There are 2 protein chains.
Amino acid sequence: MANQLDSFFSALSDPTRRAVVERLVASGPQAVSDLHSAHDMALPTFLKHLKVLEAAGLVRSEKAGRVRTVHIEAAPMAEAEDWLSRQRRLWEGRLDRLDALVREMEKGSRQ
Amino acid sequence: MANQLDSFFSALSDPTRRAVVERLVASGPQAVSDLHSAHDMALPTFLKHLKVLEAAGLVRSEKAGRVRTVHIEAAPMAEAEDWLSRQRRLWEGRLDRLDALVREMEKGSRQ
DNA sequence: GCCATGATTAGCCGATTGGCTAACTTTTTT
DNA sequence: AAAAAAGTTAGCCAATCGGCTAATCATGGC
């Protein structure tokens, strides 16, 4: 995937993966099988989701013995949030200017 | 797509579609072919992207004569932004509690 | 009335996605 | 040493995605 935003948004477009992120944020680092236990799918399928999250940089993991522990990497989420809020601010700016224009026109037509 | 967030994030995971959103936010409503002119792909391909955006509720369009004009629908973007910022706040809250715990432990070990 | 313009529909194609099972490896536990 | 637990790898499958061309429809200008 070319852009960072591509893989971030794409990773978050799946409800299983958002649930994993939510759980890691809410309850801290978890083992793969603990995370898996909340989802009704085969483990290899679930592992693929984790790999997508890891490839997007949203999550990291370390293996100790036979247990792999996964934790959130919150920083990249800020990037997506920034994009969205930048668009929102631009959009609100447009509305303000439109507003001003309307007021200007009303003032003009008032005499 | 089941969830609203699914289709929002999925719609925004493509650079062409983000570019369309950016342009509509920055420059206001545009005709389909005006939007298309900025992208090096066949018109039917581009139309599919617009349909994805429209299905996600990020964009609306009206046809007048033979021209279809597309405009942004900013409200749904707030939903994705909210999800992200909620996660960030929860995450920061965890960090704060962790911080407090570390300070507590340091205080304990100090005598 | 005809032609150009703007958009749309239908259908093809290869790559990716999200699911599965089966088989295997590595580490603990007994 | 054997068995159980935790992951991992390989490979299959159907559905979706993002691209294309060709053909069609609808409207506007001449």
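Since the model is a prediction, treat every value here as computed from it, not as a measurement.
For Q87(B), the side chain to side chain donor-acceptor pair (under 3.5 Å) test picks out no residue, with sequence neighbours left out. Applying the side-chain contact (heavy atoms from CB on, under 4.5 Å) rule to A56(B) yields the partners S7(B), F8(B), A11(B), L58(B); only residues at least two apart in sequence or on another chain are considered. Evaluation of the side chain to side chain donor-acceptor pair (under 3.5 Å) rule for Q4(A) yields no partner, not counting sequence neighbours. The side chain to side chain donor-acceptor pair (under 3.5 Å) check on R86(A) picks up nothing, with sequence neighbours excluded. Remark: D82(B) pairs with no residue by the salt bridge (charged side-chain N to carboxylate O under 4.0 Å, His left out) rule, at least two apart or across chains. Partners of P44(A) under the side-chain contact (heavy atoms from CB on, under 4.5 Å) rule, at least two apart in sequence or in another chain, are A42(A). Evaluation of the side-chain contact (heavy atoms from CB on, under 4.5 Å) rule for R66(B) yields no partner, not counting sequence neighbours.
Rounded to whole Å, the distance from NE2 on H39(A) to C1' on dG7(D) is 17 Å. Put simply, CG on D14(A) is 18 Å from P on dA15(D), counting in whole angstrom units. Here the P atom of nucleotide dT8(D) and the CD atom of E62(A) are 12 Å apart, to the nearest Å. Atom CZ in R68(A) sits about 12 Å away from atom C1' in dT26(C), given to the nearest Å. A straight line from CD of Q30(B) to P of dA7(C) spans 12 Å, rounded to a whole angstrom. Distance CG (D6(B)) to C1' (dT17(C)): 14 Å, rounded to an integer number of Å. Taking atom CE of M41(A) as the reference point, atom P of dC20(C) lies 7 Å away to the nearest angstrom.
Screening residues 24-42 of chain A for side chain to side chain donor-acceptor pair (under 3.5 Å), with sequence neighbours left out, gives R23(A)-Q30(A). Under the side chain to side chain donor-acceptor pair (under 3.5 Å) criterion, the residue pairs touching residues 48-62 of chain B are R17(B)-H49(B), E54(B)-S61(B), R60(B)-E73(B), S61(B)-R68(B), E62(B)-H71(B), with sequence neighbours excluded.
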For nucleotides 25-30 of chain D, read 5' to 3', which letter fits each nucleotide if B means a protein heavy atom sits under 4.0 Å from the base, S means only the sugar-phosphate is that close, and - means neither?
--BS--
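For the contact set between residues 46-55 of chain A and DNA chain C, defined by any heavy atom under 4.0 Å, the members are K48(A), H49(A).
The CD1 atom of I72(B) sits 7.5 Å away from the CG atom of L53(B) when rounded to the nearest 0.5 Å.
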Under 3.5 Å between N/O atoms: give me all the protein pairs with nucleotides 21-25 of chain C, atom names plus distance.
none

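Along DNA chain C, the nucleotide nearest to S10(A) and the one nearest to D40(A) differ in position, and the one closer to the 5' end is contacted by S10(A).
Residues F9(A) and L12(B) approach most closely at CD1-O, 3.3 Å, considering heavy atoms.
The side chain of S33(B) contributes an N or O atom lying less than 4.0 Å from OP1 or OP2 of dA7(C).
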